[in-house]
**Student:** 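So that we are looking at the same thing, I have put the structure below in structure tokens.
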Amino acid sequence: MSEGVSPWLPEVGLQADRQISSASKEQAVEDVLASLATLLRGSVRQSSRRDLDIPSTPGTSPHFGLDLSPRRLPSKELSQARSTSLDFIGFAGFRGCGDEEIEGDPDFWCDLVSGSKAQLPHSQVASMEDDDRSDIRESVLEQLFDLTPERINEVFRDMDRDTNGCISAKSLGEGLRVCGIVGLDASAPGRILKAVRLGSDGTLALPHFTGIIKNLKLAQLLTGRSRSTASARRLTIVDYDAKGAKVDVCSMSRLREFFFGRRATPQLPTLKPIRWVHLSNLDLTLMLSLTVKYSFHPLAVEDVIEQCRTKVEQYGDHYFAAVEQLMLDGDTTEHKPVRVRGNHISIFISGPPNLDTVITVSQPDNSSTDRCSGMTSTYLGKEYKEPGEHWVSRLRQRIEAPLSRLRQKSAPFLLLQVLDVCTDDLVGVTNAFAARLRVLEVELQNAVAELPSSWLDEVTKVRLQLALVLRRARGLSRATRQLDDVDLQKGLSGYLRDIADHLDEVVEDAHILMELSSGINKAYERAMVRNQDNARQVSADKLNNTLFLLTVITVILAPVQLMAGVYGMNFVDTAGVPTIPELLWPNGYSWFWRCSGAYLLGMSIGAVILYKHYISAGPEPVVSLLGVTLNPQSPTSERASLTDAA
């Protein structure tokens, strides 16, 4: 190589000396073309790495995947770069000229899987769909779908023990077996190496090995499984930048194109396009396919399947957030019980190093806390039903707005928008409960005795639901603090503070409403105790009135009974003549009834007069006439005292 040419590769790209001697001009042009081809090939690799979520190896450029340390190209790399440069300018002879097309060709990879016994064991995936999902990470995710950079590097180092990049078909087959890809034909590793191998020396780079593993895994998931169109349409892809947005709902034909394809390079580097992939409800095959495509960590996938609590975590080169959402179920009025639906949202921020891809998964909240608190969730039968996707529609409206601020921000800002929508839903839930509790309080004040038993059940359920609202709000507050700590993107602190303020308001309102519901419950209990006391009082009054009437009748008839007893005695002398003179009167019997009738009439008139005087003037004048001292007590005690006095 001429001394006038210095093919270095610093971070900003190729720097060549400006002055080149005429004698070495031809060699210099060849070296420059070789170095330029190396740069372009690194750019192509990085494009593949960004789409398949392959991180840059340590010590390489985050832009091109190249070694940043200034060094002179070795002869081996230079020869490879020369052959690559010839292919870029139109010359044939490059063995890997179809590599990029092969890596994105689903037919090639699906044929490898479908024509062998390498299809994914559906029994293992079916076990994930059962209710018993214990040890799902250890038994399924880590064994079959752990494609994190650490795991791939470990497998690749075991294959390439001499670190020269020359991988044999046997070593590749062993590496595929370690990654859970078994049952391929014996000729499959050789076919793969022949299709994706770069250069004439047969070396295999780590990014291409990662692409092989991912493509075979995707082929396992998407081959030999009949899927309905409704299942495929659960996946929505939104590509947006500052200029506009494009929404694409996946179909069966579009599904393979998405998972095996690559994103188009932006026309302008300043656009910074963002891709939002949304999975409505949890379809395990689609979820595992996303796991393979974007190298999700098994811990994060386990949190999605098992619906973990609200949190924000960092797993390797991507971020994971889980949100337990609460929203109003349908139209809610203050005159009907509040219906609240639970929803679990999982959010991934991937696409290193730019973090330009957001993946969200929405599914009904199946936690036992929701069921015991009376929450509702969308029924999922054989046909798919969206589990409350209003938040997705709201975000799409914000993205598609003509002057959308969201399109001008980075991917973490979309995560903040999801948190903001969930916070707004919590505010709406607390407002609905506040309006309903005011109505229940008015009903308690107006008609305590006429309230049904379901009224008390609703008040009790409202308190349980408010406790769940409080738990959800605290979880979101914790997530916002964690998001602020990981510092995904600068310039979002103001939005985080706004979300935190609304969450503090929700927490305070929930505490107040819980105290209000407890007060309403206690007031209802006191009212019921008073009603029971009043009922017992009325019953006692009726009994006392009955006894009082019987006592009065007994008092009135006592003299007549005495007269009947006296004149009914059969005392006679020795001659058998009655000794009671009145018994010998010729009209004695009639006189007896006359006197008894007059007595009864007089006593009845006196009792009526006394009763009327008692009702109008109270018991004190009557008691004073009877000579009885009576302390002020309840009417029952008064009547009882009058009875005793009588």
**Student:** How are the rings of W391 and H278 set relative to one another: parallel (under 30°), tilted (30 to 60°) or perpendicular (over 60°)?
**Tutor:**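 Perpendicular.
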**Student:** How close do Q325 and C422 get, counting heavy atoms only, and between which atoms?
**Tutor:** CG-SG, 3.9 Å
**Student:** Could you tell me the separation between the OH atom of Y319 and the CG atom of L355, rounded to the nearest 0.5 Å?
**Tutor:**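 Answer for the OH-CG pair, Y319 versus L355, is 6.5 Å.
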**Student:** For N431 and V427, indicate whether the former's side chain and the latter's backbone hold a donor-acceptor pair under 3.5 Å.
**Tutor:** yes
**Student:** On the ring face of F145, is K217 found with NZ or CZ under 6.0 Å from the centre and within 45° of the axis?
**Tutor:**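 Cation-pi check for K217 and F145: passes.
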**Student:** Between R407 and A401 (side chain of the first, backbone of the second, donor and acceptor by atom type, cut-off under 3.5 Å), is there such a pair?
**Tutor:** yes
**Student:** Checking side-chain polar atoms at under 3.5 Å, does H344 have a donor or acceptor matched by the opposite partner on N366?
**Tutor:** no
**Student:** Is it the case that S404 and R398 place a side-chain donor and acceptor less than 3.5 Å from each other?
**Tutor:**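 Distance-only check fails for S404 and R398.
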**Student:** Could you go through V340 and D329, starting from their C-alpha distance and side-chain angles, then the distance that decides it, and tell me whether this counts as side-chain contact (heavy atoms from CB on, under 4.5 Å)?
**Tutor:** CA-CA 5 Å; V340 180; D329 186 11; 6.0 Å; no
**Student:** Which atoms form the tightest heavy-atom contact between T310 and G475, and what is the distance?
**Tutor:** CG2-O, 3.4 Å
**Student:** When you compare the side chain of P412 with that of L492, does any pair of heavy atoms fall below 4.5 Å?
**Tutor:**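 L492 vs P412: side chains touch.
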**Student:** Does the ring of Y495 carry K409 above it, NZ/CZ under 6.0 angstrom from centre and within 45° of its axis?
**Tutor:**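 Here K409 fails the 6.0 Å and 45° test against Y495.
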**Student:** Walk me through whether V277 and T360 qualify under side-chain contact (heavy atoms from CB on, under 4.5 Å).
**Tutor:** CA-CA 6 Å; V277 181; T360 56; over 6 Å; no
**Student:** Applying the salt bridge (charged side-chain N to carboxylate O under 4.0 Å, His left out) criterion to R436, which one of E334, E458, E441 satisfies it?
**Tutor:** E458
**Student:** CG/L395 to CG/L414 distance, rounded to the nearest 0.5 angstrom?
**Tutor:**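 Reported value, rounded in 0.5 Å steps: 6.0 Å.
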**Student:** Quick one: OG1 on T357 to NZ on K293, what's the gap to the nearest 0.5 Å?
**Tutor:** 8.5 Å
**Student:** When you look at R341 and D365, which way does the salt bridge (charged side-chain N to carboxylate O under 4.0 Å, His left out) test go after all the steps?
**Tutor:** CA-CA 8 Å; R341 172 184 297 168; D365 199 332; over 6 Å; no
**Student:** Tell me whether R137 contacts the main-chain N or O of L299 through its side chain, where contact means a donor paired with an acceptor under 3.5 Å.
**Tutor:** no
**Student:** Is any side-chain heavy atom of L326 closer than 4.5 Å to one of V469?
**Tutor:**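 V469 reaches L326 side chain to side chain.
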**Student:** Check whether any side-chain N or O of N215 sits under 3.5 Å from a backbone N or O of L218 as a donor-acceptor pair, and report yes or no.
**Tutor:** no
**Student:** Give the intermediate values and the outcome of side-chain contact (heavy atoms from CB on, under 4.5 Å) for residues V292 and L288.
**Tutor:** CA-CA 6 Å; V292 171; L288 294 176; 5.6 Å; no
**Student:** Parallel, tilted or perpendicular: which fits the ring planes of F296 and Y294, with parallel below 30° and perpendicular above 60°?
**Tutor:** parallel
**Student:** Suppose we screen for salt bridge (Lys or Arg N to Asp or Glu O under 4.0 Å). Which residues come up paired with D239, at least two apart in sequence or across chains?
**Tutor:**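 Once residues adjacent in sequence are excluded, the partners of D239 under the salt bridge (Lys or Arg N to Asp or Glu O under 4.0 Å) criterion are R275.
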**Student:** Examine distances only and state if a side-chain atom of K272 and a backbone atom of D356 form a donor-acceptor pair shorter than 3.5 Å.
**Tutor:**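 No, K272 side chain to D356 backbone: no donor-acceptor pair under 3.5 Å.
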**Student:** So do Q465 and F433 actually touch side chain to side chain, heavy atoms under 4.5 Å?
**Tutor:** yes
**Student:** Kindly state each residue pair satisfying salt bridge (charged side-chain N to carboxylate O under 4.0 Å, His left out) with at least one member in residues 492-513, sequence neighbours excluded.
**Tutor:**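 Listed by first then second residue: nothing to list.
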**Student:** If I compare all heavy atoms of S517 with all of L437, which pair ends up nearest, and what's the gap?
**Tutor:** CB-CD2, 4.2 Å
**Student:** Show the numbers, then the answer: is there a side-chain contact (heavy atoms from CB on, under 4.5 Å) between I359 and I347?
**Tutor:** CA-CA 6 Å; I359 301 95; I347 309 162; over 6 Å; no
**Student:** Working to the nearest 0.5 Å, report the span between CG of L415 and CZ of F348.
**Tutor:** 12.0 Å
**Student:** Just verifying a value: how many Å separate C308 SG and E302 CD, rounded to the nearest 0.5 Å?
**Tutor:** 9.5 Å
**Student:** With a 4.5 Å limit on heavy-atom distance, are the side chains of L440 and V459 in contact?
**Tutor:** yes
**Student:** Are the aromatic rings of H297 and F320 close, with centres under 6.0 Å apart?
**Tutor:** no
**Student:** Flag the pair L286 / F259 as yes when at least one side-chain heavy-atom distance between them is below 4.5 Å, and no otherwise.
**Tutor:**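 A side-chain contact exists here, since the closest heavy-atom pair is under 4.5 Å.
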**Student:** Are any of the side-chain heavy atoms of I136 and E306 separated by less than 4.5 Å?
**Tutor:** yes
**Student:** Side-chain donor-acceptor pair under 3.5 Å between Q363 and N343, yes or no?
**Tutor:**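 N343 and Q363 do not have a side-chain donor-acceptor pair below 3.5 Å.
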**Student:** For a 4.5 angstrom cut-off between non-hydrogen side-chain atoms, does N281 reach P364?
**Tutor:**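 They are in contact (side-chain heavy atoms under 4.5 Å apart), so the answer is yes.
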**Student:** If you compare all heavy atoms of L466 against all heavy atoms of M514, which two are closest, and at what distance to 0.1 Å?
**Tutor:** CB-CG, 3.6 Å
**Student:** Given the rule in the salt bridge (charged side-chain N to carboxylate O under 4.0 Å, His left out) test, do K311 and D303 qualify, once you have shown the distances and angles that lead to the verdict?
**Tutor:** CA-CA 10 Å; K311 66 176 184 178; D303 289 339; 2.8 Å; yes
**Student:** Which residue, I305, V301, L279, forms the side-chain contact (heavy atoms from CB on, under 4.5 Å) with V361?
**Tutor:**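 The side-chain contact (heavy atoms from CB on, under 4.5 Å) with V361 is passed solely by L279 among I305, V301, L279.
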**Student:** Tell me which pairs pass salt bridge (charged side-chain N to carboxylate O under 4.0 Å, His left out) where either residue lies in residues 318-328, with sequence neighbours left out.
**Tutor:** E324-R471, E324-R472
**Student:** Ignoring hydrogens, what is the shortest heavy-atom contact between D146 and R151? Give both atom names and the distance.
**Tutor:** O-CG, 3.2 Å
**Student:** Looking only at heavy atoms, what is the nearest atom pair of L221 and T285, with distance?
**Tutor:**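 Taking every non-hydrogen atom into account, O-CG2, 3.6 Å.
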**Student:** To the nearest 0.5 Å, how far apart are CG in L513 and CZ in R438?
**Tutor:**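 Interatomic distance, L513 CG to R438 CZ, rounded to 0.5 Å: 9.0 Å.
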**Student:** Less than 4.5 Å apart, any side-chain heavy atom of L282 and any of V304?
**Tutor:**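 Touching, per the 4.5 Å side-chain cut-off.
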**Student:** Ignoring hydrogens and angles, tell me if any N or O in the side chain of S295 forms a donor-acceptor pair with the backbone of T291 under 3.5 Å.
**Tutor:**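 A pair under 3.5 Å: no.
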